[in-house]
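Take a look at the structure below.
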Amino acid sequence: MSRLLPRIVAFAAIAFSLIWVLFAARNTNFGPAIDDPKNFFITLLNGLTFAGLLFIVASGFALIFGLMRVINMAQGVFFLLGGYIAYDMQQYLADAGGFTPISTDINAWEWLIPALVATLAIGVFGLAIQQLLLRWNQGQDLRQALITIALSVILADQIIEHFHGGLGRSVTWPGSIEKFVDLHVFGIQYSLARLTVLALGLMVGVLLWLWLYRTRTGMVIRAGVDDRQMTSALGINIQRTFAIAFFVGSALAGFGGAVGATQAGAATGADGQWLLNSLVVVIIGGLGSLLGAAVGSLLYGLVFTFAAVYLPSGYTNYAIVFTFALLALVLAFRPQGLIGRPG
Amino acid sequence: MKVGKWKFLLPLGLLVAGSAVATSGALATSAQSNEVKIAILSECKGAFGGAFEEQIAGVQAAFSQYAGAKPKNKKKPSAGITGGSMGGKAIKIVGYGCGDETPALALKETRRLMEQLGGEIMIGPLSGDEGVAVANYAKAHPKQTFLNGTSGGQQTTLKVRAKNFFRYNGDGAQWNAGTGEIAYKRLGWRNAAIIMDDYSFGYTSGAGFIAEFCAWGGKISKRVFVPSPNTDYSSYVQQLPAPDKIDGYFWVVGGSGTGPSLKAYQQAFGAIDPKKFIGNLFFAFYGADKELGPQLVGAYMGGFGTGPGLQTPAAKAYRKLATRWYPDFNPDDGFYYNWWNPAWALTTAMKTINGDLSAGHQKLWAAMPRTLNAGFGKIVLDKNRQAIQDQYPIRYVKKNGAITFEVIGLIPQVDQTFGGQFSETTPSPSRAAPACKKAKLPWMNKIIPVKNGVPQR
Amino acid sequence: MTKGWTAKRIVERCVGVAVLVFVAIGPAALTDYWVSSILTQTFLLGIAAASLIFLSAYGGMISLAQTAIFGIAAFALANFVTTDATGGQNLGWNPWLAVAGAIVIATAIALVFGALASRSLGIYFLMITLALGVIGFYFFLQVDKLSGRAGIPTIREHAPSIVGDASAPPARLYYVALVLALVVYVVIRYIVRTPFGIALQGIRDEPVRMASLGYNVPVHRMLAFGLAGFFASLGGVLYAWWNDLVDPAAIDLNAIVSLLVIAVIGGLGRIEGAWLGALAFILINNYVRDVEVPVLGGSFPTVIGFIFLAIVLVSPDGLMGLWDRVWSMGGRRGEPPQASVDVPLSATGASST
């Protein structure tokens, strides 16, 4: 019975949602998918691309959490800081004088380099923090969480102080990306920029997979996620592994920030939102597994996007309730996350 | 046992000492009665944090011009002023409040300024939601006086109606006067969609467009609400009708969202056709963004109760006076003008009553000028102490190769009720209000064209 | 349990009495600002922090959802009781009924949150409660029917007569808050000695053993969470009256972290820390306003962030922990701390239980 109930509830929830969106969505912005397949697919693509960005940021969070049991509360500020660094870098390269450049003025390097600089800068910054503040109290989970919380408070204020007052700044895609492509399906013209975000998410996923499953360091990390004490008892330099993992986790936040700043702009407030996003993905997906982060991102990204669009008009501001419902469902029936292992 | 005794006495001693220090700051002190204590609640965080110095400049410049004060530092208004007196009472600025557009912080700062620092009169706040909170605070604190800064939520005066709260600027709906007529008559829109921030200022600003456009007979076929803050505008922008299915969009997304939302529009529907876009005042904050500026050339937008670039004698005189004191700041900007006016009004009122606040502030309220001949037109207070004000719709233009905006029309004496459409009993602007209906507005067909800053009366 | 009259306990009792006397006569000696903005706020924020510390000290669970529960109670009260406010549902209920309703709703939701989080431990629990807390904020931010985006004002107008409206002397609300704070304190001290409380501490220390003894660990935790939610809701009701406005920003991520900061500064291991931390936080907030941090720039958040960081690094048990440690230094063992938080949290790494 206790095995069956979660499955029934999950099945019912999925079935109901599908039926609603596909067939029955009255009084919503677009109507059900059978009436308006074009917008259904556009929403689907929007959800997938959002999931791509979610994955980039949340995978870093999951990596740090899974291996070191550190809730990196600063993941959100890393994201924001990465965005601003990318902006400043692009301003410098494109000699833009304080204005957001036009896409046609930006070539691929003037996006790639800022993104890379942001990624590396945040990676190094995160590593420094880990070495200074977290390395020596390894194992004291709660204390480390409190440390990262303190850091997030300080850094959020410092960002307002040193980076444009925390005001909205936008990074520009290269001209080759900022256009529409014909998808040949339902006559949809979709933004190539958004597809790029999805592609970047996939790329990050593939690279992470290769790293974790095909390199020695990755193997150590997976072992560490599985059984920290045993791994270090085996004589492996676990501290070095932690350092690398924290570097990569932070760098991912920085990269996500650069992409996010391009897609939606960087501004104060984004740090809190992306911390929540990372938390929800990891809680839903489960601890420390790449697949968990991917599943969590996909599920959350789709629910978030569809809820905003397929709720009856006039109730779309209740979309957050669906995030809560998703979280509640997973927590109620599988508290370790969908891909997580119990205990 | 020696160690034990100290362990007992030391903490106790510290506690006593600490309490003494703390209470010394806490004990009541007597007030000085030959000063008038003024507080300024501005903003130093959030999207309008950059306006902090500017707003203080507006207030203090008016004090300098009309009350004999002198800026301590012409480049840094928050350094304060020296001298100055109103009705025989020396001006003491008790502090500068620092908000971030949230009511919670605005209230906290108001308490700090008015309760801890002893402020008697407060000028501020900046932002819509804050204004509602301050107006409610004012109502609960009838021993003090509150003059609005630029906050533009409708309910602040129309619903709260605090006797000690005065607003010498229009609300967000008034600022958009003229846009509905321009859309209907000049651009030929009959069917429009509106996308707005899902909060009080968004609704109020949108209400200004809706009320006027619908009064003319236009229809709003879609209202889209964007939660604020927001990171991903695509799912909201996507809900807008495509440009070939609608005559135009009214864009009421502000703060840091104006750019990303317009960008999301581009990603969803392609290039922006300026004839199909009308923005509110936030479009004017957009001048710094080269990316979308060029695409917006030709688009109209609502104003800020100011007439930037206006060349009337009153405007020119005002500019001359204002720039005497803080030459680095732009007096045409709403964040300066809308703070100058209430400060100026205050000096006039205090002079009238000879600074006599001893029996409470009722005399002051009666003496607050009901008419101000301000730089950008006459301001008249209605029965709710809300400004009836000239409004100036604006247009994005290309001038000498640069993208800028200019005033293209003047609508005299726009009132908050929109000719009776809004009242104490009508529902406050919200997702569903106002409804779209035909009506008669007092200023229909009365837009006076403005060319090169000169109204063509 | 060694409950003798050690020197430390005597000192603590004396200090406690002195503090009580001080706050009892407070309104007579202090300025209105101190009474209303500093001390009343200390009492109500202390109640909210106590709800957090109750869970951490006696349940071993650090919950970041308390702020959301606090907010739910405040918003519920505001919606129930106002009649023509510029936001909210304006239901115009009887003041006492509204208070009861607010407490019931907030506690019920606390039970739901508790049910969701109760099967998770330690850091995972922290994460889940944080997510729930932030979702609570976004809910009120986005559902403006219930929060009147600009907040719901005029709550004080409809407060029960014992509290009085905004024109009543601040001493009224002050004493109501003081009495409630004392009640919460006494109730917590009492509960931890009841079978429920003792079982809770057992679950904190040895969950597996307790489960094998037949205790339903998740349910027990959930009930404790509900109880803590009840306390937090009291704080929320007081806040609604005190602030006369409830708006979503009052429970945003900053507020969630601030409550944690208060609890940590005061001491996660001892209930007294709740009010000590609240007072410290409010005083710092009040007097650090215009300070510009040298070199780094920034203002209050940077300052409090550094103080928080320092406390976590040096004395994770907060000010009360410092106090405890002062007493156990020099070979003289004052008394075992009444509760200890997650052992790895203490600076020395060694348990002092």
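Every chain is numbered from 1 and lettered A, B, ... according to where its sequence line falls, protein lines coming before strand lines.
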- Item | B/Lys108 vs C/Asn285, side chain to side chain contact (heavy atoms under 4.5 Å, CB included): CA-CA, chis, key distance, verdict | CA-CA 11 Å; B/Lys108 199 157 142 200; C/Asn285 195 352; 2.9 Å; yes

- Query: Is a side-chain donor-acceptor pair under 3.5 Å present for B/Glu115 with C/Tyr33?
  - Reply: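 Result is no, nothing qualifies.
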
- Between B/Thr102, B/Val160, B/Asn136, which residue shows the highest count of heavy-atom pairs closer than 4.5 Å to chain C? B/Asn136

- Mind checking salt bridge (Lys or Arg N to Asp or Glu O under 4.0 Å) for B/Arg431 and listing every partner two or more places apart, or none if nothing turns up? B/Asp198

- Message: Tell me every residue that passes salt bridge (Lys or Arg N to Asp or Glu O under 4.0 Å) with B/Lys75, counting only those two or more places apart in sequence or in another chain.
- Response: B/Asp328

- Query: Nearest 0.5 Å, what's the OG1-NZ distance between C/Thr154 and B/Lys139?
  - Reply: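 NZ of B/Lys139 is found 8.0 Å from OG1 of C/Thr154.
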
- Task: Check each atom of B/Glu424 against the heavy atoms of chain C and say whether the ones under 4.5 Å are side chain, backbone, both or neither.
- Result: neither

- For the side chain of B/Gln155 and the backbone of C/Thr86, is there at least one donor-acceptor N/O pair under 3.5 Å apart?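 At least one qualifying donor-acceptor pair exists.
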
- Message: Closer than 3.5 angstrom, by distance alone: can the side chain of C/Asp247 be matched with the main-chain N or O of B/Ala104 as a donor-acceptor pair?
- Response: yes

- Going by heavy atoms in the side chains, are C/Asn243 and B/Arg111 under 4.5 Å from each other? yes

- Side chain, backbone, both or neither: which part of C/Asn254 has a non-hydrogen atom closer than 4.5 Å to chain B?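 Contact with chain B: none, neither part.
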
